[in-house]
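Notes follow once the structure below has been shown.
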Amino acid sequence: MTKKIFRSLVALSAAVLLICILCISYVLYGYFGEIISDELKAEANLISQEIRQDEGYLEDMQTIENRITLIDADGTVLFDSQAEAATMENHGNREEVREAAKNGQATVTRYSDTLATKTIYYAEELEDGKILRIAQDQSMVMLLLRGVVGPVAAIFMVILILAAVLSRAISKRIVKPINEMDLSDKDAEEPYMELAPLVVKIRQQNRHIGMQMAELERRQKEFTTITENMSEGFLLIDRNTEILSYNRAALELLGAEDAVAGEKPHTAFELNRSKGFRTAVEKALAGKHSQQPLETESRYYQIIANPVSEQGEVVGAVVIVMDVTEKEQRDKLRREFTSNVSHELKTPLTTIYGVADMLAEGIIKQEDLKSFGKTIKDESGRMIHLIDDIIRLSMLDEDSVQDAVSKVDLFETAKEVIERLTLTAEERSIALYLEGDSAVIEGVPSLCDEILYNLCENAIKYNKDCGSVTVAVKMEKDGAVLSVEDTGPGIPYEFRERIFERFFRVDKSHSRNVGGTGLGLSIVKHAVIRMKGTIQVESIEGAGTKMIVRLPHNKSKNGDTLSL
């Protein structure tokens with residue numbers, strides 16, 4: 001703005017100066033013309049006096065600056081100082097001649113047909129009726145004007161430079177208050193009245209823009225809060241796979257958090273180049289909804305990509321990355337569970353079917369009926385036991401155990417369990433020991449009983465003959481600790497976590513001989529979790545196994561019982 005004002009002031013100053021020079025030149029031009037007319041009149045008077053005294057005066061004149069012409073009353077040129085009189089046309093019709101003959105004298109300015117120049121003519125009638133005319137070219141005036149061009153040009157340049165300096169100072173002075181205006185202050189006064197409408201409009205627009213920016217910031221914060229707290233990964237990309245927006249979960253799920261640490265990722269394929277991810281992105285950018293699986297070493301993901309269209313043209317895509325590991329693991333467990341249940345039920349059912357078929361055909365001897373009846377009973381009991389365990393485990397899975405929470409003394413519960421398993425232990429000469437003292441907690445009595453019974457039963461089943469099982473119960477600051485230790489063959493290190501899986505057995509051939517459903521430890525783990533406890537396995541191959549269960553008091557700080 002300063003430059004524009006500066007240029008305008010300089011241009012205005014130059015224009016005004018030029019107009020002034022032209023006007024002065026025009027005035028001087030007219031002024032000098034009048035001076036020439038007066039000079040011509042004076043010269044004519046002198047020449048006319050000389051002619052009256054000496055008619056041959058004109059012929060004797062040697063140096064004549066102005067053009068002198070003597071014209072007869074009929075218009076015939078008698079003498080001309082710059083041309084041959086005989087060759088000149090009749091001048092009777094010339095304006096200055098006619099006016100001089102009529103008025104005695106005349107002054108006329110016109111272009112000379114003879115000399116083709118602008119000339120000032122002065123004509124005066126003599127006493128004998130002849131006309132004396134003196135002429136001077138207007139170029140004399142131009143010569144006079146030309147003489148002042150140099151000084152005028154110098155003055156013009158000085159004034160122009162002075163105008164430039166002043167224009168710069170004035171333009172800065174004009175613009176300074178405008179630059180110092182605070183448009184955000186609605187109470188501030190405008191430096192110039194003419195700016196009031198513009199300032200009002202700008203302030204209105206600033207308020208409107210401020211409201212829009214606040215709304216955009218609010219929406220951005222909402223969007224960021226939502227996306228950053230999503231467990232699913234979110235990506236917004238353009239048609240060139242350039243990333244427009246993403247959340248931290250996307251980097252974590254796609255395994256790119258370390259790859260792009262410290263810098264923003266540019267393209268979607270920088271995050272992941274697996275086949276499933278690339279296929280989902282490419283199909284979405286082609287305008288098709290896509291849903292692709294993505295599997296890593298230990299995780300399962302679902303990639304969902306949808307195209308983003310604008311005016312019928314695909315301009316990008318929205319990609320959602322969902323962690324479906326738990327679902328896949330559940331599906332896997334469900335399939336394994338179904339397979340294992342089918343397998344576990346098939347064996348007793350096959351046995352029962354075989355015995356029933358033999359009975360139906362009447363090929364069993366009378367003395368063998370009791371033995372075959374016992375086989376049907378044992379296999380049926382095994383099936384019932386299996387189904388009961390499955391139902392119990394399902395109830396624990398669904399958290400639908402309806403037993404009331406009450407005070408449970410784990411030491412007394414352990415004593416009752418040992419009494420119930422005494423006969424089973426005696427069959428293999430296994431000694432049962434109980435150590436510790438009273439340990440009372442708030443828990444579900446049936447679950448506590450199942451935990452101790454299954455651990456002790458397993459310790460007996462998978463023990464060596466003439467071995468021992470030691471149950472220890474004690475109270476600690478954070479709750480009760482019970483352990484069941486046997487002298488069996490131990491559990492290999494790689495199987496210590498898997499023993500809690502449903503139907504898992506370390507030695508399937510031995511497990512088949514000792515019976516059981518393979519669900520005991522799974523029920524124990526679910527029951528412990530149900531009561532907010534933990535279970536730990538300590539085992540050395542060939543030296544036995546020790547199961548350690550820690551159960552909290554399950555009481556709040558004010559003594560109220562917490563719900564399980």
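Nothing fancy with the numbering, it's 1 onward along the sequence.
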* Which residues pass the side chain to side chain contact (heavy atoms under 4.5 Å, CB included) test with Gln536, sequence neighbours left out? -> Glu538, Ile548, Arg550
* Sequence neighbours excluded, which residues qualify as salt bridge (charged side-chain N to carboxylate O under 4.0 Å, His left out) partners of Asp409? -> none
* To do: For Leu447 and Ala527, work out which heavy atoms get closest and say how close.
  => CD2-CB, 4.1 Å
* Can you tell if the side chain of Cys448 reaches within under 4.5 Å of the side chain of Met531, non-hydrogen atoms only? -> yes
* Asked: Okay, side chain of Thr487, backbone of Ser468: is any donor-acceptor separation there less than 3.5 Å?
  -> yes
* **Residues Asp323 and Arg299 bridged, charged N to O under 4.0 Å** => yes
* Asked: Are Val318 and Leu235 close enough, and set up right, to give a side chain to side chain contact (heavy atoms under 4.5 Å, CB included), and what steps lead you there?
  -> CA-CA 6 Å; Val318 176; Leu235 283 176; over 6 Å; no
* For Tyr300, does the OH atom sit with more than 12 other heavy atoms under 6.0 Å from it, leaving out its own atoms? -> no
* Asked: Hey, does the side chain of Ser429 reach the backbone of Asp465 with a donor-acceptor pair shorter than 3.5 angstrom?
  -> no
* Asked: Ion pair present between Lys461 and Glu457, side-chain N to carboxylate O less than 4.0 angstrom?
  -> yes
* Looking only at heavy atoms, which two atoms of Leu254 and Ile303 are closest? And how far apart? -> CD2-CD1, 4.5 Å
* Asked: Can you check whether Glu435 reaches Val473 side chain to side chain, under 4.5 Å on heavy atoms?
  -> no
* Are the side chains of Tyr433 and Val469 in touch, meaning some heavy atoms are under 4.5 Å apart? -> no
* Is it true that atom CD1 of Ile529 has more than 12 heavy atoms of other residues, nucleotides or ligands lying nearer than 6.0 Å? -> yes
* Rounded to the nearest 0.5 Å, how far apart are CD of Gln302 and CD1 of Ile320? -> 12.5 Å
* Asked: Would you say Pro492 and Glu541 make side-chain contact, with heavy atoms under 4.5 Å?
  -> yes
* Structure fact -> One should read off an interatomic distance between Ile540 CD1 and Lys546 NZ, to the nearest 0.5 angstrom, of 11.0 Å
* Heavy-atom check, side chain of Met322 versus side chain of Tyr301, under 4.5 Å -> no
* For Lys221 and Leu216, run side chain to side chain contact (heavy atoms under 4.5 Å, CB included): C-alpha distance rounded to whole Å, both residues' side-chain angles, the deciding distance at 0.1 Å, then the answer. => CA-CA 9 Å; Lys221 287 181 180 179; Leu216 289 175; over 6 Å; no
* Asked: Checking Asn463 side chain against Gly467 main chain: does a donor-acceptor pair fall under 3.5 Å?
  -> no
* Asked: Once you round to the nearest 0.5 Å, how far does CZ of Arg530 lie from CD of Glu450?
  -> 12.0 Å
* Mark yes or no for whether Glu270, through its side chain, and His266, through its backbone, hold a donor-acceptor pair below 3.5 Å. => yes
* Asked: Any Lys/Arg nitrogen of Arg219 or Glu222 sitting under 4.0 Å from an Asp/Glu carboxylate oxygen of the other?
  -> no
* Which atoms form the tightest heavy-atom contact between Thr545 and Val537, and what is the distance? -> CG2-CG1, 4.3 Å
* Can you name the residues that form a salt bridge (charged side-chain N to carboxylate O under 4.0 Å, His left out) with Glu217, not counting sequence neighbours? -> none
* His208 versus Gln212, side-chain donor and acceptor atoms under 3.5 Å -> yes
* To do: Applying side chain to side chain contact (heavy atoms under 4.5 Å, CB included), name anything that partners Ala356, two or more places apart in sequence or on another chain.
  => none
* Which atom of Ser274 lies closest to which atom of Leu294, heavy atoms considered -> OG-CD1, 2.9 Å
* Do Ser380 and Ile352 have side chains that get closer than 4.5 Å, going by heavy atoms? -> yes
* To do: Look at the side chain of Asn454 and the backbone N and O of Leu521, then say whether any donor-acceptor pair between them is shorter than 3.5 Å.
  => no
* Check: Lys407 and Ile441 side chains under 4.5 Å, non-hydrogen atoms -> no
* Step by step, would you call Gln292 with Phe277 a side chain to side chain contact (heavy atoms under 4.5 Å, CB included)? -> CA-CA 7 Å; Gln292 299 291 329; Phe277 183 75; over 6 Å; no
* Of Leu434, Leu432, Val417, the residue whose pairing with Val471 passes side chain to side chain contact (heavy atoms under 4.5 Å, CB included) -> Leu434
* Applying side chain to side chain donor-acceptor pair (under 3.5 Å), which residue pairs with at least one partner in residues 305-321 are found, sequence neighbours left out? -> Arg239-Glu313, His289-Asn306
* Asked: Taking only residues two or more places apart in sequence, or in another chain, which ones meet Phe234 in a ring-ring contact (aromatic ring centres under 6.0 Å, His included)?
  -> Phe223
* To do: Supply the atom-to-atom distance Ser290 OG to Glu282 CD, rounded to the nearest 0.5 angstrom.
  => 9.5 Å
* Asked: Are side-chain heavy atoms of Leu455 and Val524 found at a separation under 4.5 Å?
  -> yes
* Approximate separation, where rounding is to 0.5 Å, of Leu551 CG and Asp478 CG -> 12.0 Å
* **Side-chain donor or acceptor of Thr422 paired with backbone N/O of Ile418 under 3.5 Å** => yes
* Asked: How many angstroms lie between atom CG of Leu482 and atom CZ of Phe411, to the nearest 0.5 angstrom?
  -> 12.0 Å
* To do: Without swapping roles, check the side chain of Ser539 against the backbone of Gly544 for a donor-acceptor pair under 3.5 Å.
  => yes
* **Over all atoms of both residues, closest heavy-atom pair of Leu253 and Gly233** => CD1-N, 3.4 Å
* Shortest non-hydrogen contact between Thr241 and Leu285, atoms and distance -> CG2-CD1, 3.7 Å
* Candidate pair Val528 and Ile451, rule side chain to side chain contact (heavy atoms under 4.5 Å, CB included), full reasoning -> CA-CA 7 Å; Val528 170; Ile451 292 170; 3.7 Å; yes
* Output yes when a side-chain donor or acceptor of Asn247 lies under 3.5 Å from a complementary backbone atom of Glu232, and no otherwise. => yes
